[in-house]
Novice: 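I have a structure here, written as structure tokens, and I will follow up with some questions on it.
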Amino acid sequence: MMTMIPILKTSLGELYQDDCLSVMASMPDEVVDLAFADPPFNLGKEYTSKIDDSRRDSEYVEWCKQWLDEMIRVLKPGGSLFLYNLPRWNLPLGAHIGEKLTFRHWITVDMKYSLPIAKRLYPAHYSLLYFIKGDKPAIFHPDRLPVPCCRHCGGELRDYGGYKDKMNPLGVSLTDVWTDIPPVRHAKYKKRAANALALKLMDRVVSMASDPGSLVLDPFGGSGTTFVAAELTGRRWIGSELECSDIVERFNALEGDREHLADIQANKNTLFTRDDLKRRQKYGKPLPKEYRIQSDLVPQCGCADSEQADLGL
Ligand SMILES: C[S@@+](CC[C@H](N)C(=O)[O-])C[C@H]1O[C@@H](n2cnc3c(N)ncnc32)[C@H](O)[C@@H]1O
């Protein structure tokens, strides 16, 4: 499919150490099922690839439009395009994409540990734009999430009252506000660039808008989170990055990511996480039978901590 030589090749994917515009230019039209981009945010950050991350606003937006047009060209009819950026940039960029694709969602991804900006509201979310080519998505199966529980006793943080028997035993429907995405802070990933996305985020996007065998594209590889999520879930993938050593290193030792992903997957599409079930057991709170889940149960969380407990899991 490509005339260029990949710096990394697996049975499912190919990574090109080159400018994303050249890489996408060598791809045929309408071959990609899911295109995801997490570009530099033009915040003056230093990247190992030494890119200019402090362009004039208009220059940055024009550059983004160029690679977005390429992503749109290579997207299949019914394919999905996701753009992760600051609300400030996703406003003009979303308007541009909307001229060619169909808008689905502006997903709010809760931003952990951001810094306050003087004379502004405290920025607390990233924007994840979701568009499709044509009227209907070819693939759409969003994950379901566990109910938020007290991290001390495992009791539900919200009162589901008389609705417990109506709740899907596979979990709560995914909304367009994602508060459960952790920052990449784990000691295991200390070396990873500060701007690496969480595997949980990429697993959610990949699971929602692709199937095993689908082709996933990410023009801004970074540390390779999109490619890892695709590789470990049987999707084909293609990507570019100007400085690929982090990705190559990561693919040489995928075991940590494999374990991490197994943990992420064990705790979705279920009404209660394994940890919450263990806590409930410890604190004598078996599940009420109304939940239609095989288990015994007791009352709601009476633990003093439950009201202040973090809603994120
Ligand atoms: C925000 S990071 C992506 C992080 C990635 N999503 C992850 O989870 O690790 C953006 C990346 O885009 C790369 N980049 C910038 N300009 C590029 C270009 N023209 N072509 C390819 N990659 C580029 C940078 O080197 C940087 O690693």
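Note that the structure is a prediction, hence the values are computed from the model and not measured. In listed order, ligands and their atoms are each counted from 1.
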Novice: Centres of the Trp237 and Tyr16 rings: under 6.0 Å?
Specialist: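 Ring centroids of Trp237 and Tyr16 are no less than 6.0 Å from each other.
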Novice: Would you call Arg274-Asp276 a salt bridge at under 4.0 Å N-O?
Specialist: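 Judged by the 4.0 Å cut-off on N to carboxylate O distance, Arg274 and Asp276 do not form a salt bridge.
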Novice: Are more than 12 heavy atoms from other residues, nucleotides or ligands located less than 6.0 Å from atom CG of Asn252?
Specialist: yes
Novice: Say whether Asp218, considering both its backbone and side-chain N or O atoms, lies within less than 3.5 Å of an N or O atom on ligand 1.
Specialist: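 Not met; the criterion fails.
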Novice: Return yes when atom NZ of Lys9 has more than 12 non-hydrogen atoms of other residues, nucleotides or ligands closer than 6.0 Å, and no otherwise.
Specialist: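 It does not: Lys9 NZ has 12 such atoms or fewer within range.
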Novice: Under a 4.0 angstrom heavy-atom cut-off, which atoms of ligand 1 come close to Ile51?
Specialist: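 It comes down to these atoms of ligand 1: 15 (C), 16 (N).
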Novice: For ligand 1, which atoms have a heavy atom of Asp19 less than 4.0 angstrom away?
Specialist: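 Numbered from 1, ligand 1 contributes 19 (N), 20 (N).
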Novice: Looking at every non-hydrogen atom in both residues, tell me the closest pair between Gly234 and Leu12 and how far apart they are.
Specialist: CA-CD1, 3.9 Å
Novice: In ligand 1, which numbered atoms sit nearer than 4.0 Å to a non-hydrogen atom of Pro39?
Specialist: 1 (C)
Novice: Check ligand 1 against Gly222 and write out every atom of the ligand that is under 4.0 Å from a heavy-atom position of the residue.
Specialist: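 Ligand 1 atoms under the 4.0 Å threshold to Gly222: 3 (C), 4 (C), 5 (C), 9 (O), 27 (O).
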Novice: Check whether any N or O atom of Trp63, backbone or side chain, sits under 3.5 Å from an N or O atom of ligand 1, and answer yes or no.
Specialist: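 In this structure, Trp63 places no N or O atom under 3.5 Å from an N or O of ligand 1.
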Novice: Between ligand 1 and Asn195, is the shortest N or O to N or O distance under 3.5 Å?
Specialist: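 No.
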Novice: Nearest non-hydrogen atom to atom 9 (O) of ligand 1 belongs to which of Ser223, Ala229, Pro40?
Specialist: Ser223
Novice: Closer than 4.0 Å to some heavy atom of Leu242 - which atoms of ligand 1 meet that?
Specialist: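 Contacts of ligand 1 toward Leu242, numbered from 1: 16 (N), 17 (C), 18 (C), 20 (N), 21 (C), 22 (N), 23 (C).
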Novice: Counting heavy atoms only, which of Lys50, Gln17, Glu241 is nearest atom 11 (C) of ligand 1?
Specialist: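 The residue whose heavy atom sits nearest atom 11 (C) of ligand 1 is Glu241.
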Novice: Can you name the closest pair of heavy atoms from Asp18 and Ser240 and give their distance?
Specialist: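 Shortest heavy-atom separation between Asp18 and Ser240 comes out as O-CB, 3.8 Å.
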Novice: Please confirm whether Glu243 comes under 4.0 Å of ligand 1, counting heavy atoms of the residue only.
Specialist: no
Novice: Of all the atoms in ligand 1, which lie at a distance below 4.0 Å from a heavy atom belonging to Thr225?
Specialist: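 Contacts of ligand 1 toward Thr225, numbered from 1: 7 (C), 8 (O), 9 (O).
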Novice: So for Asp18, does at least one of its heavy atoms come nearer than 4.0 angstrom to any atom of ligand 1?
Specialist: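 Within the 4.0 Å threshold, so yes.
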Novice: According to the interplanar angle, ranging from 0 to 90°, do the rings of Tyr130 and Phe82 count as parallel (below 30°), tilted (30 to 60°) or perpendicular (above 60°)?
Specialist: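 Because their plane-to-plane angle is under 30°, the rings of Tyr130 and Phe82 count as parallel.
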Novice: For Tyr47 and ligand 1, does the shortest N/O to N/O distance drop below 3.5 Å?
Specialist: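 Min N/O separation from ligand 1 is not below 3.5 Å for Tyr47.
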Novice: With atoms numbered from 1 as shown, which atoms in ligand 1 lie under 4.0 angstrom from a non-hydrogen atom of Gly224?
Specialist: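 Near Gly224, the atoms of ligand 1 are 9 (O).
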Novice: If you take all heavy atoms of Ser207 and Arg235, which pair is closest and at what distance?
Specialist: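 Minimum heavy-atom contact is CA-NH2, 3.9 Å.
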Novice: Would you compute the distance between atom CD1 of Ile247 and atom CG of Leu8 and round it to the nearest 0.5 angstrom?
Specialist: 8.0 Å
Novice: Has ligand 1 got any nitrogen or oxygen that is less than 3.5 angstrom from a nitrogen or oxygen of Cys20?
Specialist: yes
Novice: Identify the residue among Trp63, Phe36, Phe227 that makes a ring-ring contact (aromatic ring centres under 6.0 Å, His included) with Phe220.
Specialist: Trp63
Novice: Answer yes or no: is there an ion pair linking Glu30 with Lys133, defined by an N-O contact shorter than 4.0 Å?
Specialist: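 So Glu30 pairs with Lys133 through a salt bridge.
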Novice: Any N or O on Leu197 sitting closer than 3.5 Å to an N or O of ligand 1?
Specialist: yes
Novice: Heavy-atom contacts with Ala196 under 4.0 Å: which atoms of ligand 1 show up? List them by number with element.
Specialist: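 Numbered from 1, ligand 1 contributes 7 (C), 8 (O), 9 (O).
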